[in-house]
Amino acid sequence: MSFSEIYQIAGAGMNAQTIRLNTVASNLANAGAAAESPDQAFRALKPVFSTLYKQAQEGHISGAHVEVSAIVETDAPLDLRYEPDHPFADEQGYVAYSNVNTVEEMADMMAASRSFETNVEVMNRARSMQQGLLQLGAK
């Protein structure tokens, strides 16, 4: 595996985790948001990751990287609260709030941050190996 492939794989991982962090930020920004109807309520977003394999000759896999193939809304139920005095209350007095679980989002944010940092470390190690090879060649 070449150094450029290592950088491409780690870069793709960093890009995927950046998108994951952006969806977490969007979800947290909309946590507890009330809507006029359940159809208009914010639903938490989640990225869908897929692996892309690079085929070498003779059908062998020479590498792979991750990409975000879609961003989907979660199917968790909305938070319906009985608040008859709220301006968004329906005929029965219920208000639809987003289905964002802040604890789950914070855990997802920590995992995405750690994964991003791991990819940065992979790039740093590859760069360090390249510099070591260059120093060997200079001696």
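The model shown is predicted, which means the values in this text are computed figures rather than measured ones.
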Any chance you could measure [X], atom [atom1], to [Y], atom [atom2], to the nearest 0.5 Å?
X: Leu45; Y: Ile19; atom1: CG; atom2: CD1; answer: 12.5 Å
X: Arg127; Y: Ile6; atom1: CZ; atom2: CD1; answer: 13.5 Å
X: Leu78; Y: Tyr97; atom1: CG; atom2: OH; answer: 12.5 Å

Any sub-3.5 Å donor-acceptor pair from [X]'s side-chain atoms to [Y]'s backbone N or O?
X: Ser26; Y: Asn22; answer: no
X: Asn27; Y: Ala44; answer: no
X: Thr18; Y: Met14; answer: yes
X: Ser98; Y: Arg43; answer: no
X: Ser113; Y: Met109; answer: yes
X: Thr23; Y: Lys46; answer: no
X: Asn101; Y: Glu104; answer: yes

If you take all heavy atoms of [X] and [Y], which pair is closest and at what distance?
X: Val68; Y: Pro47; answer: CG1-CB, 4.0 Å
X: Ser50; Y: Ser69; answer: OG-CB, 3.6 Å
X: Phe88; Y: Ala35; answer: CB-O, 3.4 Å
X: Asn99; Y: Pro77; answer: CB-O, 3.3 Å

Same cluster for [X] and [Y] if Ile/Leu/Val/Met/Phe/Trp/Tyr side chains link at under 4.5 Å?
X: Met129; Y: Tyr7; answer: yes
X: Ile71; Y: Phe42; answer: yes
X: Leu52; Y: Val66; answer: no
X: Phe3; Y: Met123; answer: yes

Filter on salt bridge (Lys or Arg N to Asp or Glu O under 4.0 Å), then keep only pairs touching residues 21-34, sequence neighbours left out; what's left?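 Counting only pairs at least two positions apart or across chains, no salt bridge (Lys or Arg N to Asp or Glu O under 4.0 Å) contact touches residues 21-34.
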For [X], all residues meeting salt bridge (Lys or Arg N to Asp or Glu O under 4.0 Å), sequence neighbours excluded:
X: Asp90; answer: none
X: Arg81; answer: Asp79
X: Arg125; answer: Glu121

Intermediate values then yes/no, side chain to side chain contact (heavy atoms under 4.5 Å, CB included), Met106 and Leu28: CA-CA 8 Å; Met106 294 300 287; Leu28 289 174; 3.8 Å; yes
So does Tyr94 have more than 12 non-hydrogen atoms from other groups sitting under 6.0 Å from OH?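 No, the 6.0 Å shell around OH holds no more than 12 heavy atoms from other groups.
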Partners of Phe49 by ring pair (Phe, Tyr, Trp, His ring centres under 6.0 Å), sequence neighbours excluded?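 Per chain and number, Phe49 pairs via ring pair (Phe, Tyr, Trp, His ring centres under 6.0 Å) with no residue.
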My understanding is that only residues two or more places apart in sequence, or in another chain, count here; which of them pass side-chain hydrogen bond (donor to acceptor under 3.5 Å, both in side chains) with Gln40? none
